[in-house]
Structure formats: structure tokens, C-alpha cells
2 protein chains.
Amino acid sequence: MNDFLNDNVYWWRPLDDAELDTRGKILLAAYKEMHYQGFQSASLSNILARTGVTKGALYHHFPNKTELGYAVIDEVIAQRIHLSFVKPLQNFENPVDGIIELIQASGEAFSLTDIELGCPLTALAQEMAPLDEGFRLRLIKIYNQWHQSIADSFRRALEKGQLQPDFDPEIVAATIVATLEGAMHAAKVAQDLNILYRCGAGLIQYLHLIRKN
Amino acid sequence: MNDFLNDNVYWWRPLDDAELDTRGKILLAAYKEMHYQGFQSASLSNILARTGVTKGALYHHFPNKTELGYAVIDEVIAQRIHLSFVKPLQNFENPVDGIIELIQASGEAFSLTDIELGCPLTALAQEMAPLDEGFRLRLIKIYNQWHQSIADSFRRALEKGQLQPDFDPEIVAATIVATLEGAMHAAKVAQDLNILYRCGAGLIQYLHLIRKN
DNA sequence: GTTGACATACATACCGGTTGGTATATTATT
DNA sequence: AATAATATACCAACCGGTATGTATGTCAAC
């Protein structure tokens, strides 16, 4: 039950080995706490207890809990989604092959403990999007970047004649993002990686329909 | 911002016009509060204030907040998911046509205020599945019923020769559920029904691949 | 000697939950 | 049929604990 204290999971693996300053420590601990408890139930006391940082330090760097939440999205989550889902996509010549490769790579990358808490972006969005416009706008910005990177690569592939010409890149991109997020969600609730694999297989079937053969 | 007090939205529309007893009033108000705030941040005081029921009455009918949450899942959410997604599916001869019809019907049924809070099942699952096994098991039971009703209808269609023979009903069902949930989620964050339509279109494309033509 | 980076101690409000009690309906007894 | 016993449904006040946030103090660096 306290597995979440372990740093060796996909979502929490530090981005670099550099020593974190006080602000960075707070940010990382807040990110973990928010991922585990949600934003509203995230306890500043817990964050402080786990970092050893005091309340004075926290309120020196962040004016209030909400702004701390915003900073976690802007500086932690955005970076991780970009590194995991946006950037790898730009390396592929054929986006269909690229996405299929990404899906298969994800299937191998995720362990059972990784899906226990699911995607931090989804979790925060589910909770906070209807409650706080500041959260919603920041979160949707990340989703849009993800969506657009997929849509753009499909547009390029369409111009190159790699795809069946009658498919709308916006539709394809929206469906891919939705299915991936939905698959992570379902796997998290069931605590079963097989759901991830099944949805991946279904998505790959769909992508084969789109490719020009 | 207080739209959520209005009963005239899809998720909260009463199931029948019968007068609710005290227990039913608490259950419905708790369901709304949990859908809006999440379970942990759901305030018993808010629930009581909106019902006019007192705390003594609440704790007469439910031993604690957690059991109230369980009852909301078992008696409110399960019923609504069944009525919206499971039961309608059983009327169709050809499940591919049936699901396409359901997707199109959903697109017309949902309004912008309906997707503002998204699917109550998804929201609760995102928050509580990692935190409380009682929640998780109750929620996954509902998901399984949904998934199985889709998988079963595809199995029947497979036997009738309505489908391409090389498709696994488990894969198809998992993908459909994931895409629908992911689409609701994306539309909620973006507050944009077009996302729902786009994902619906993508899903229908996928289903055409499966149908025997 | 002023500013930035913290530490300590405290204030205020709200949370879930408990307590002790009342009014009413049901059941058991004679 | 009348009454005693018990269970149900509910109420109002309160409790300990925890939440975020604040006020003030310290101390090093430039």
C-alpha cells in the first residue's frame, strides 16, 4: 500500500540526477502527493513531512496551494508528457508505424505498479477541470500539444501519400488520444496490464485501416 | 458555476418521479456532491444542507462516509450505467450496427452541461480506485458488466457470421469501452462536444473494419 | 543594512464522527 | 383491548483532529 513511496516507477522517476533545490524538492513531492491523493486532498503537511522542508519555505516559494498546483502542472507534468508522448513521435518518417511502435513500447515500459495510479494528467484533469479554470486551461494546453503533434504527423503523412486520403487527421488524432487515455484508465481500475495490451491491439487494428497498403 | 444545482442534466435526471424517502434523498444528494467534488472532498455538511436532512438522520442510515460512498455506487451509479450503456445494447440484432447507433444517439443526447462533469463512474474510479479497495471492486464490477455485455454481443455476432472471423471480441470490447471513456474525458476537459463527435467518428471507422461486408 | 531564504509558532475554519436525547411506530404481553 | 417493551427515524450540539494560511523571527550573503 505504501509502494507509492518508492521512486522507481515510471511516473516518478526523476528526470535528471541533479540535486534538487528546495523549490524543486517541494515541486516533486507535491507532484507525487497530488498524483496519489488528488489535488484537493493533497496535504501540504504530508508534502512537507516527506521533504523535510518547512511550511515557511513552502510559502516563501509559492503564494498558496493553488499556485503550487499550477506550478506542478506547468513544470512537472507538462515536461513528462512531452518527453513520453510528444517528442518521440517526431522521429518517425511514417506516423502510423511510429504510433504502432510507441504503443508497443508503452506496453513493455509500463509495469503493474506504474498503472496503479494511472496517468497523472488524466487524474488531475478528471478532478480539477470542472472546479478550477486555471487548472483546466493548463491541462488542456498539454492535451492540445499531444493531440496536435499526432494530428500534424498524420497531416504530413497524408501529403506524402502514406495514408488513405479520406481520413481526417483531427478525427484520427482525437481517437488515438482518447483510446490511449481510456486504456490507461481501464487498466488502472482493473489493475490489469492485459487491458492495456487489448486496447493497444485494437488501436493497431484501427491504424492498419488507415495505412495505405 | 452553480449549474450543477440544476437537476435537468443527463447524469442527474431522476430515474423516476416517485417521492424520495430520507435515505433516497441523502443518496441522490451524495451522488451529486460526489460527482461534483469527488468522494474525498465531498462534504457531508453540503449534502445535508442541500437536502434539509440532519446529520443524525444520515448517520442513522449509513454508518460512515465510506459506506455512503459504497451505497452511491451500488444503488445509483450501477443503475444508471446499466440503463444507459448495457441494457440498450441487448435490443440489437447486429451489434456493430447497434453500437454505431448508440454512439450516434449519445452524440445527440449529451449537451455541453452534461459533459461538464463527465461520467461519474470515470471520475470516481480515477480518484478512489488506488485509494480504497472497496471502491475499486465495486467500480470494476460495473465496468466488467459493461465490457461483458459488449463482448457477449460481439461473440453472438461472430457465431452468426456477421463479423470478420479474425477479431477477438475481448479486444474489440475493451477498445470500445476505452475509447468511449477517453472521449468523454477529453470532451470534459476541453468542454467541447466536437471531441465527442470526432472520437465517435473514429470509433465508427474502426467498427466498419470489423463488419463483414 | 537590506534582501532573500528559510524556520517556528500560531490562528481560524472546517472536517467526519459521536453523543444524548425525542417522537413515533411496531410488537408483545396480559 | 389496553398497556408495556422495543425498535426505528430523526434532531441539535458538540468533539478532536486536521486543513490551509499567517505572523514573526533568524541568519547568511552581498
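Sequence lines set the chain letters: A, B, ... in the order given, protein chains first and strands last, and positions in each chain run from 1. Not measured: the values here are computed from a predicted model.
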Inset, instruction - Any chance you could lay out the ring pair (Phe, Tyr, Trp, His ring centres under 6.0 Å) test for B:Trp11 and B:Tyr36, step after step, and finish with the verdict? - result: CA-CA 11 Å; B:Trp11 302 113; B:Tyr36 187 63; over 10 Å; no
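The interatomic distance linking A:Leu48 (CG) with D:dG21 (C1') rounds to 12 Å, in whole Å. A:Ile47 places its CD1 atom 15 Å from the C1' atom of D:dT18, with the value rounded to the nearest Å. Distance, A:Leu58 CG to D:dA19 P: 14 Å, rounded to whole Å.
Scanning residues 60-75 of chain A for heavy-atom distances under 4.0 Å to DNA chain C yields A:His60, A:His61.
The heavy-atom pair separating B:Ile115 from B:Ala187 by the smallest distance is CD1-O, 3.4 Å.
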Can you give me every donor-acceptor pair (side chain of residues 20-27 of chain A, partner residue at least two apart or in another chain, under 3.5 Å) with its distance?
{"from": "A:Asp21", "atom 1": "OD1", "to": "A:Gly24", "atom 2": "N", "distance (Å)": "2.8"}
{"from": "A:Arg23", "atom 1": "NH2", "to": "A:Glu75", "atom 2": "OE1", "distance (Å)": "2.6"}
{"from": "A:Arg23", "atom 1": "NH2", "to": "A:Glu75", "atom 2": "OE2", "distance (Å)": "2.4"}

Could you tabulate the donor-acceptor pairs under 3.5 Å formed by side-chain atoms of residues 52-59 of chain B, not counting sequence neighbours?
none

Pairs of donor and acceptor atoms involving the side chains of residues 118-142 of chain B, under 3.5 Å and at least two apart or interchain, shall be tabulated with distances.
{"from": "B:Thr122", "atom 1": "OG1", "to": "B:Glu181", "atom 2": "OE1", "distance (Å)": "2.0"}
{"from": "B:Gln126", "atom 1": "OE1", "to": "A:Lys188", "atom 2": "NZ", "distance (Å)": "2.9"}
{"from": "B:Gln126", "atom 1": "NE2", "to": "A:His185", "atom 2": "ND1", "distance (Å)": "2.9"}
{"from": "B:Glu127", "atom 1": "OE1", "to": "B:Phe39", "atom 2": "N", "distance (Å)": "2.7"}
{"from": "B:Glu127", "atom 1": "OE2", "to": "B:Phe39", "atom 2": "N", "distance (Å)": "3.4"}
{"from": "B:Glu127", "atom 1": "OE2", "to": "B:Gln40", "atom 2": "N", "distance (Å)": "2.9"}
{"from": "B:Glu127", "atom 1": "OE2", "to": "B:Gln40", "atom 2": "NE2", "distance (Å)": "3.2"}
{"from": "B:Asp132", "atom 1": "OD1", "to": "B:Tyr70", "atom 2": "OH", "distance (Å)": "2.7"}
{"from": "B:Asp132", "atom 1": "OD1", "to": "B:Gly134", "atom 2": "N", "distance (Å)": "2.7"}
{"from": "B:Asp132", "atom 1": "OD1", "to": "B:Phe135", "atom 2": "N", "distance (Å)": "3.0"}
{"from": "B:Asp132", "atom 1": "OD2", "to": "B:Tyr70", "atom 2": "OH", "distance (Å)": "3.3"}
{"from": "B:Glu133", "atom 1": "OE1", "to": "B:Arg136", "atom 2": "NH1", "distance (Å)": "3.1"}
{"from": "B:Glu133", "atom 1": "OE2", "to": "B:Arg136", "atom 2": "NH1", "distance (Å)": "2.5"}
{"from": "B:Arg136", "atom 1": "NE", "to": "A:Val189", "atom 2": "O", "distance (Å)": "2.8"}
{"from": "B:Arg136", "atom 1": "NH2", "to": "A:Ala190", "atom 2": "O", "distance (Å)": "3.3"}
{"from": "B:Arg138", "atom 1": "NE", "to": "B:Asp74", "atom 2": "OD2", "distance (Å)": "3.1"}
{"from": "B:Arg138", "atom 1": "NH1", "to": "B:Gly134", "atom 2": "O", "distance (Å)": "3.2"}

Solution key, residues 87-102 of chain B side-chain donor-acceptor pairs under 3.5 Å, sequence neighbours excluded:
{"from": "B:Glu93", "atom 1": "OE1", "to": "B:Lys160", "atom 2": "NZ", "distance (Å)": "3.1"}
{"from": "B:Asn94", "atom 1": "OD1", "to": "B:Val96", "atom 2": "N", "distance (Å)": "3.0"}
{"from": "B:Asp97", "atom 1": "OD1", "to": "B:Arg211", "atom 2": "NH2", "distance (Å)": "2.3"}

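Taking the side chain to side chain donor-acceptor pair (under 3.5 Å) definition, one finds that A:Gln79 meets it with nothing, sequence neighbours left out. Residues passing the side chain to side chain donor-acceptor pair (under 3.5 Å) test with A:Tyr197, sequence neighbours excluded: none. Annotation: side chain to side chain donor-acceptor pair (under 3.5 Å) contacts of A:Ser111 (sequence neighbours excluded): A:Thr113, A:Asp114. Listed by chain and residue number, A:His147, A:Gln148, A:Arg155, A:Glu170, A:Ala173 satisfy the side chain to side chain contact (heavy atoms under 4.5 Å, CB included) test with A:Ala151 (two or more places apart in sequence, or in another chain).
You can see that DNA chain C meets the heavy atoms of chain B within a 4.0 Å-exclusive cut from C:dC15 to C:dT18, reading 5' to 3'.
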Name the pairs: protein N/O against N/O of nucleotides 11-15 of chain D, kept only if under 3.5 Å.
{"from": "D:dC11", "atom 1": "OP2", "to": "B:Thr54", "atom 2": "N", "distance (Å)": "3.4"}
{"from": "D:dC11", "atom 1": "OP2", "to": "B:Thr54", "atom 2": "OG1", "distance (Å)": "2.7"}

Would you tabulate the pairs of protein nitrogen or oxygen atoms and nucleotide nitrogen or oxygen atoms of nucleotides 28-30 of chain D closer than 3.5 angstrom?
none

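Between B:Ser41 and A:Arg23, the residue whose closest nucleotide on DNA chain C is further toward the 5' end is A:Arg23.
In terms of modelled atom types and a separation under 3.5 Å, the side chain of A:Ser41 and the main chain of A:Gly38 share no donor-acceptor contact.
For D:dT18, the OP1/OP2 oxygens have no side-chain nitrogen or oxygen of A:Ser43 closer than 4.0 Å. One finds no side-chain N or O of A:Ser45 lying less than 4.0 angstrom from the OP1 or OP2 phosphate oxygen of D:dT18.
For the residue pair A:Trp12 and A:His35, a side-chain donor N or O sits within less than 3.5 Å of a side-chain acceptor on the partner. Side chain to side chain, B:Tyr10 and B:Ser84 meet the donor-acceptor criterion of an N or O pair below 3.5 Å.
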